[in-house]
Amino acid sequence: MSEPVRPEARSPRGFVDRRARDLVAERRILTAVSAVYERYGFEPLETGAFEYADALGKFLPDADRPNEGVFALQDDDEQWMALRYDLTAPLARFAAQNWETLPKPFRRYAFGPVWRNEKPGPGRFREFVQCDADTVGSARPEADAEIIAMAAEGLQAAGLPAGSAVLKINNRKLLNGLMAAAGVADDAQKLAVLRAVDKLDRLGPDGVRLLLGEGRLDESGAFTKGAGLNAAAAERVLAFTAAGVGGRSETLTKLADVVGGSAEGDAGLAELEAIDRALTGLGVGVDRAVIEPSVVRGLEYYTGPVFEAELLLQTTDEKGQPIRFGSVGGGGRYDDLVARFTGQPVPATGFSFGVSRLASALRAAGRDLAAEVRGPVVVIAFDQSRMADYFQVAGELRGAGVPAEVYLGASGMKAQMKYADRRLSPAAVIIGEDELAAGTVTIKDLDLGRELSSKVTDNAAWREQRPGQQTIARTEMVAAIRKILDARA
RNA sequence: GCCGCCCUAGCUCAGUUGGUUAGAGCGCCAGAUUGUGGCUCUGGAGGUCUCCCGUUCGAUCCGGGAGGGCGGUACCA
């Protein structure tokens, strides 16, 4: 007989296990944000994890394999289905499918896992939870403003302190107008300009100047081809991106100087002015939302206003290195998504953020929403023949709303105490022969013991003292446990 | 995708100029303590030295390839 081939216990790369601590933190974020979104009149919606691949906008080549980027499989009727890569594409499908019967404009929020089949990196996974809110069927700039205000309020409700995040607003139409004025007509060249501008925060104006022109050689020796603008056009783009200082109306005035005159630029400016006015009415000041001309976001997707939520938190990692979290979410107006299905253009705008990313940002900022996950009261399984009594005790505690469990392993008492300690249990209940005979229970306050343990040096003394331990009448058990719980609340 | 660096126990890492039984700290399990968490001491489990091919009498070590990780860059709905 040869050794059986055993599978290696490991998770696929880009997929992570998340334990109680993470889950509690994320659940709190979602609860807080959902409450805000519902207060704004957005209804929850849940759609399935799979969509037909064509509904996601993924074109399937004749090869029996869909485009990269998504996880796809073929149904038994040969149709390609794929796991959703965001929550916007399923919304577009849902809206198109139910358009006739939906109240319009349709306002909904959604959260859940999304999947991307691409190379994972630090803080970048192939499965992660997104939270998304959209208004479908309103072309008014006020719809964008409301999404922005709601995003700002949502992030704050999730636990981000005021001033630690700012929403940056821009409008695609401004850049389009600018490029038209600069004589950029070629689509490939337009994309190259957008990509260059998107890198402003990382490379600075000099790096972007190179990318707008001939190209840039980075430290690793790789060369990135530039957009091929002439010097005058490049400077004009840079001047545009530099206009984002001061208040919103100041910025708008400056932008008018740079892009004003072109039809598309003027339209973009008018939208931003309307958004600014609505934001002011909504009570969102420049501390929470600014106009930032260098924001680009997804390339071919957005048609008008775009926004990005940037974290301003300054934090350091375990090694003391400063970390920049940067963007935690973004969104914008996409007026062509539903039209893919129905043929008729439907204006829509939305915002989405990564829930785990926000949670880890909050943690790094010392805003841990779930610092420790407490374990249950542990009923020590002292005498194997009295298990029924122990379950009765656990039931009594549970009935009083106290998380409790009977130790179900086979180990001795020492290991059971260690188990309770490791679970961060507030207390252990010990019922042995003595207690059974006397109709009492022994309760050990583990929190108190944790506090005292650091000062004890001698094990015999530690055991002798039995800190926080009391033997009381069985009828007083729940009250005594309550007292221990309340002391730490 | 492209460029560079890295891969030895669950974790962090030593080490072997290519030679027979590969180590430490932490963690884990058990005992000292037959009804008590921490400390201390003692003992134990745990490794195809990432995988495959080649060179060699002999490879964890040298060469090639693959996989995985890290950093940069590109892309990102």
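In what follows, every heavy atom counts, from backbone to side chain, and hydrogens, waters and symmetry copies are set aside.
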> May I ask you to verify if any side-chain N or O of A/Lys418 is less than 4.0 angstrom from the OP1 or OP2 atom of B/rC29?
yes
> For the rings on A/Tyr407 and A/Tyr419, is their centre-to-centre separation under 6.0 Å?
yes
> Please state the C1' separation for the pair B/rC53 and B/rC13 - nearest whole angstrom.
29 Å
> Taking any heavy-atom pair under 4.0 Å as a contact, classify A/Lys199: base, sugar-phosphate, or nothing.
sugar-phosphate
> Whole angstroms only, please: what is the CE-C1' distance between A/Met417 and B/rG37?
5 Å
> For nucleotides B/rA24 and B/rG43, find the distance between their P atoms and express it as a whole number of Å.
12 Å
> Report the distance from atom OH of A/Tyr301 to atom C1' of B/rC75, rounded to the nearest whole Å.
17 Å
> On the nucleotide B/rC75, are OP1 or OP2 found under 4.0 Å from the side-chain N or O atoms that A/Arg116 carries?
no
> Does a nitrogen or oxygen in the side chain of A/Arg386 sit under 4.0 Å from OP1 or OP2 of B/rG35?
no
> When we call it a touch if two heavy atoms are under 4.0 Å apart, what does A/Ile430 touch: a base, just sugar-phosphate, or nothing?
base
> Name the nucleic acid region contacted by A/Asp198, choosing base, sugar-phosphate or nothing; use a 4.0 angstrom heavy-atom cut-off, strictly under.
nothing
> Using whole Å, what does the distance between atom P of nucleotide B/rC76 and atom CZ of A/Arg84 come to?
23 Å
> Report the C-alpha distance between A/Ser356 and A/Glu26 in whole Å, list the side-chain angles of each, state the deciding distance to 0.1 Å, and finish with yes or no for side-chain hydrogen bond (donor to acceptor under 3.5 Å, both in side chains).
CA-CA 7 Å; A/Ser356 321; A/Glu26 290 182 16; 3.3 Å; yes
> Can you identify which nucleotide, out of B/rA74, B/rG37, B/rC29, has its nearest atom closest to the A/Leu446 side chain?
B/rG37
> Which nucleotide, in any strand shown, forms a Watson-Crick or G-U wobble pair with B/rG63, with both distances under 3.5 Å?
B/rC53
> Any Lys/Arg nitrogen of A/Arg474 or A/Glu435 sitting under 4.0 Å from an Asp/Glu carboxylate oxygen of the other?
no
> Specify the separation, in whole Å, of atom CZ of A/Arg126 and atom P of B/rC76.
19 Å
> Rounding to a whole Å, what distance do you find between A/Leu452:CG and B/rG37:C1'?
12 Å
> With rounding to whole Å, what would you report as the distance between B/rG15 and B/rC57 at their C1' atoms?
24 Å
> When rounded to the nearest Å, what value does the distance between C1' atoms of B/rA9 and B/rC49 take?
10 Å
> Is any side-chain nitrogen or oxygen of A/Lys414 closer than 4.0 Å to OP1 or OP2 of B/rC29?
no
> Say whether A/Thr471 and A/Thr442, considering side chains only, have a donor N or O and an acceptor N or O under 3.5 Å apart.
yes
> Would you measure the distance from the P atom in B/rC5 across to the matching atom in B/rG64 and give it in whole Å?
12 Å
> At under 4.0 Å, does any side-chain N or O of A/Arg124 touch on OP1 or OP2 of B/rC76?
no
> Measure the distance from CZ on A/Arg357 to P on B/rC76 and round it to the nearest whole Å.
16 Å
> Provide a list of protein-nucleic acid N or O atom pairs under 3.5 angstrom, restricted to nucleotides 67-70 of chain B.
residue, atom, partner, partner atom, Å
B/rG68, OP1, A/Arg13, NE, 3.2
B/rG69, OP2, A/Arg13, NH1, 3.4

> Between B/rG10 and B/rG46, how far is it from one P atom to the other, in whole Å?
11 Å
> On RNA chain B, check which nucleotide each of A/Thr224 and A/Asp445 is closest to and give me the residue with the more 5' one.
A/Asp445
> Does a side chain donor of either A/Glu271 or A/Asn171 reach within less than 3.5 Å of an acceptor in the other side chain?
yes
> Within the pair A/Arg450 and B/rG38, is there a side-chain N or O less than 4.0 Å away from OP1 or OP2?
no
> Is the A/Tyr109-A/Phe42 ring centre distance short of 6.0 angstrom?
no
> Any salt bridge linking A/Asp421 with A/Arg450? Criterion: basic side-chain nitrogen under 4.0 Å from a carboxylate oxygen.
yes
> Does any donor-acceptor pair link the side chain of A/Gln469 with the base of B/rU36 at a separation under 3.5 Å?
yes
> Output, in order, the C-alpha distance, side-chain angles, deciding distance and verdict of side-chain contact (heavy atoms from CB on, under 4.5 Å) for A/Leu178 and A/Leu174.
CA-CA 6 Å; A/Leu178 178 75; A/Leu174 298 184; over 6 Å; no
> Whole angstrom is fine here: how far is it from CG in A/Leu87 over to P in B/rA77?
15 Å
> I'd like the C1' distance from B/rG47 over to B/rG23, given in whole Å.
11 Å
> With a 4.0 Å cut-off on N to O distance, would you call A/Arg93 and A/Glu51 a salt bridge?
yes
> With a 4.0 Å cut-off on N to O distance, would you call A/Arg386 and A/Asp389 a salt bridge?
yes
> Across all strands shown, which nucleotide pairs with B/rA22 by Watson-Crick or G-U wobble geometry, both distances under 3.5 Å?
none
> Please give the distance between the P atoms of B/rU60 and B/rG19 as a whole number of Å.
11 Å
> Can you check whether any acceptor in the base of B/rG35 is under 3.5 Å from a donor in the side chain of A/Glu435, or vice versa?
yes
> Nearest of B/rA77, B/rC28, B/rU73 to any side-chain atom of A/Arg422?
B/rC28
> What does B/rG37 pair with, Watson-Crick or G-U, if both distances are under 3.5 Å?
none
> Hunt down the Watson-Crick or G-U wobble partner of B/rG4, both distances under 3.5 Å, from any strand shown, or write none.
B/rC70
> According to the 5.5 Å centroid and 30° plane-angle thresholds, does A/Tyr85 stack upon the nucleobase of B/rA77?
yes
> Does A/Lys444 or A/Ala415 map to a spot on RNA chain B nearer the 5' end, using the closest nucleotide for each?
A/Ala415
> Distance check needed: B/rU36 C1' versus A/Ile380 CD1, whole Å only.
8 Å
